Structures are given as C-alpha cells and as structure tokens.
Amino acid sequence: MSNSPSTVPRERLSQLRELLTEEQSLRFGFELVAAPLRFVGFWAAVALPFLYLPLLFGGLEASEFTVFGALLALNALALVVGHNYARS
C-alpha cells in the first residue's frame, strides 16, 4: 500500500476542464438559473388572468384601477420571462 494520494480525480478534473470551455460553463450556469425563472414566468402568465375576473365582474372603482394596471404589467412581465418555456 502506498501513502501517496491518488492522481485520478485530478486527471479527471483536468479532462473536464478541457471539455468545458469558459463560454460553455457560463452558458450552463445561465441555463441553470434561467430555467426555473422561465417556468415561474410561464405559469404566472397562465394564472394571472384569473385574477382579473373578480375585478372586472364587480366593476372597477377608482381605487381598483391601480391594482388592475399592476396586474396587467405583471402579466406582461410574466409573458416576456416565460416566453421560451418548454420549447424544443
């Protein structure tokens, strides 16, 4: 038995570094963050219009115009963020 540490993990790590360039690793990191945001954006864009119904059914009063406008803006943002969700 030898007391020297094995070099196999270091060799594999250097091989992995050769395979993944810096641009590819940045793209992978971006996709790792962007995928959940697209998911939330898509489903928020689907669900938010259901919140319009109670406002529109009861009639919009002066104080509810701000809420309705905020919901529209939030829905537009969700549509932009979730636009490419589950595209092949």
Side-chain angles (χ1 to χ4, degrees):
M1 272 195 214
S2 172
N3 288 338
S4 64
S6 173
T7 59
V8 173
R10 288 184 184 170
E11 290 173 2
R12 287 187 181 174
L13 184 60
S14 66
Q15 290 172 352
L16 182 62
R17 284 182 183 156
E18 291 173 6
L19 290 174
L20 289 176
T21 65
E22 186 174 330
E23 180 183 338
Q24 289 172 330
S25 63
L26 286 174
R27 186 175 295 144
F28 177 72
F30 175 76
E31 284 299 320
L32 197 62
V33 172
L37 290 177
R38 280 192 209 112
F39 171 80
V40 170
F42 175 81
W43 287 108
V46 170
L48 280 172
F50 290 105
L51 295 177
Y52 302 159
L53 295 176
L55 287 173
L56 294 174
F57 182 71
L60 288 176
E61 296 176 10
S63 63
E64 294 174 333
F65 279 114
T66 307
V67 174
F68 187 71
L71 278 173
L72 282 175
L74 189 61
N75 198 356
L77 178 67
L79 283 169
V80 170
V81 170
H83 177 70
N84 287 329
Y85 175 68
R87 274 212 179 160
S88 299

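Small disclaimer: the values here were computed from a predicted structure and weren't measured.
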Indicate if Leu51 and Leu74 have the same hydrophobic cluster label, given that clusters are the connected sets of ILVMFWY residues with side-chain heavy-atom separations under 4.5 angstrom. yes
Between Ala44 and Pro49, what is the shortest heavy-atom contact and its length? O-CD, 4.5 Å
Answer with yes or no whether the hydrophobic clustering places Val81 together with Trp43; edges join I, L, V, M, F, W, Y residues whose side-chain heavy atoms lie under 4.5 Å apart. no
Quick one: do Leu72 and Leu55 end up in the same hydrophobic cluster if we chain Ile, Leu, Val, Met, Phe, Trp and Tyr together by side-chain heavy atoms under 4.5 Å apart? yes
State plainly whether one hydrophobic cluster holds both Phe65 and Val67, where clusters connect Ile, Leu, Val, Met, Phe, Trp and Tyr through side-chain heavy atoms under 4.5 angstrom apart. yes
In terms of hydrophobic clusters joined by side-chain contacts under 4.5 Å, are Leu37 and Val80 together? no
Determine the sole option in Leu71, Leu79, Leu77 for which the side-chain contact (heavy atoms from CB on, under 4.5 Å) test with Asn75 is passed. Leu79
